[in-house]
Amino acid sequence: MAGHFPFAGKRGTRYGLAPRGTIAAFFENNGFNDELQEKYYKWWFDYAKQFVENDPDLSVTMGVKFDHYPMGTHARHSFHLNEKYWAVAMDELGSVISNVILPKLDSDAMHKLEEDHQAMLDSLREEAKSNPREASPDVGMFRHV
């Protein structure tokens with residue numbers, strides 16, 4: 001189930017699969033420019049923040065993570081991200097969602113989340129048709145050789 005989200009793969013950077021690269025490819029594949037990437041991120045940020053605030057344990061232990069938008073280590077700079085700011089931000093937020101929030105969901109809640117996610121994706125894909133992203137270079141920033 002969780003594999004439907006670009007940040008929720010079973011393997012992480014410690015196994016050689018960089019989630020930021022997967023997320024950057026997801027954004028590229030869907031034609032999301034920076035504005036649409038931020039909308040995608042914001043949707044997840046709002047979901048995670050609300051979930052954390054409504055969970056008695058998480059609100060105490062992780063609530064401070066959501067004091068600033070966007071959250072995470074790279075939240076206020078992009079010095080080495082090669083124009084992949086939202087992919088890296090989504091990787092950091094996605095780590096919290098994958099490792100803390102998704103395990104707390106029952107089957108019905110997970111299916112509801114997947115349906116809501118699909119509806120949001122469909123909306124952003126429609127918007128991408130009239131607001132296309134800049135063409136990708138022949139060799140992408142995160143495509144290592």
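If you're wondering where the values come from, they're calculated on a predicted model, not measured in any experiment.
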After noting the C-alpha distance and the side-chain angles of Asp91 and Thr22, does the key distance pass the side chain to side chain contact (heavy atoms under 4.5 Å, CB included) rule? CA-CA 9 Å; Asp91 175 24; Thr22 303; over 6 Å; no
Just do the ring pair (Phe, Tyr, Trp, His ring centres under 6.0 Å) check on Tyr41 and Tyr69 with the steps written out, would you? CA-CA 10 Å; Tyr41 176 90; Tyr69 173 87; 5.7 Å; yes
Going through the distances and angles, do Phe45 and Phe66 end up as a ring pair (Phe, Tyr, Trp, His ring centres under 6.0 Å)? CA-CA 8 Å; Phe45 179 87; Phe66 296 92; 5.5 Å; yes
Going through the checks in order, is the side-chain hydrogen bond (donor to acceptor under 3.5 Å, both in side chains) test met by Gln118 and Asp122? CA-CA 6 Å; Gln118 188 60 49; Asp122 292 343; 2.9 Å; yes
Run the ring pair (Phe, Tyr, Trp, His ring centres under 6.0 Å) test on His117 and Tyr40 for me, step by step, so that the C-alpha distance in whole Å, both residues' side-chain angles and the decisive distance to 0.1 Å come before the verdict. CA-CA 9 Å; His117 178 255; Tyr40 184 84; 5.6 Å; yes
Would you please test Glu127 and Glu35 for side chain to side chain contact (heavy atoms under 4.5 Å, CB included) and show each step? CA-CA 10 Å; Glu127 196 172 335; Glu35 179 185 338; 3.9 Å; yes
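Heavy atoms only, all atoms of each residue included: Leu36 and Gly31 are closest at CD1-O, 4.4 Å. For Asn30 against Ala128, the heavy-atom pair with the smallest separation is O-CB, 3.9 Å. Here the closest non-hydrogen pair linking Asn99 and Pro103 is O-CG, 3.7 Å.
Between Glu53 and Leu58 the shortest side-chain heavy-atom distance does not fall below 4.5 Å. Val96 places a side-chain heavy atom less than 4.5 Å from the side chain of Met71. Residues Met62 and Lys65 are in side-chain contact: their nearest non-hydrogen atoms beyond the backbone lie under 4.5 Å apart. Looking at heavy atoms from C-beta onward, Leu102 lies in side-chain contact with Leu113 at the 4.5 angstrom threshold. The shortest distance between side-chain heavy atoms of Trp86 and Ile23 does not fall below 4.5 Å. Annotation: side chain of Phe7 is in contact with side chain of Ser98 (closest heavy-atom distance under 4.5 Å). The side-chain heavy atoms of Lys104 and Phe51, taken from C-beta on, include a pair separated by under 4.5 Å.
Proximity of a side-chain donor or acceptor of Ser123 to a complementary backbone N or O of Ala119 within less than 3.5 Å is not detected. Checking side-chain atoms of Ser59 against main-chain N and O of Pro56 turns up a donor-acceptor pair under 3.5 Å.
Salt bridge annotation for Glu115-Lys112: absent, with no cationic side-chain nitrogen under 4.0 angstrom from a carboxylate oxygen.
The distance from atom CG of Asp67 to atom NZ of Lys49, rounded to the nearest 0.5 Å, is 7.5 Å. Separating the CD atom in Glu114 from the CE atom in Met110 is a distance of 6.0 Å, to the nearest 0.5 Å. Asp34 contributes atom CG, which lies 9.0 Å from atom NZ of Lys84 (distance to the nearest 0.5 angstrom).
Residues Val64 and Tyr47 do not share a hydrophobic cluster, clusters being chains of Ile/Leu/Val/Met/Phe/Trp/Tyr side chains in contact below 4.5 Å.
Note on ring orientation: taking the six-membered ring where Trp is involved, the planes of Phe27 and Phe32 are tilted (angle from 30° to 60°).
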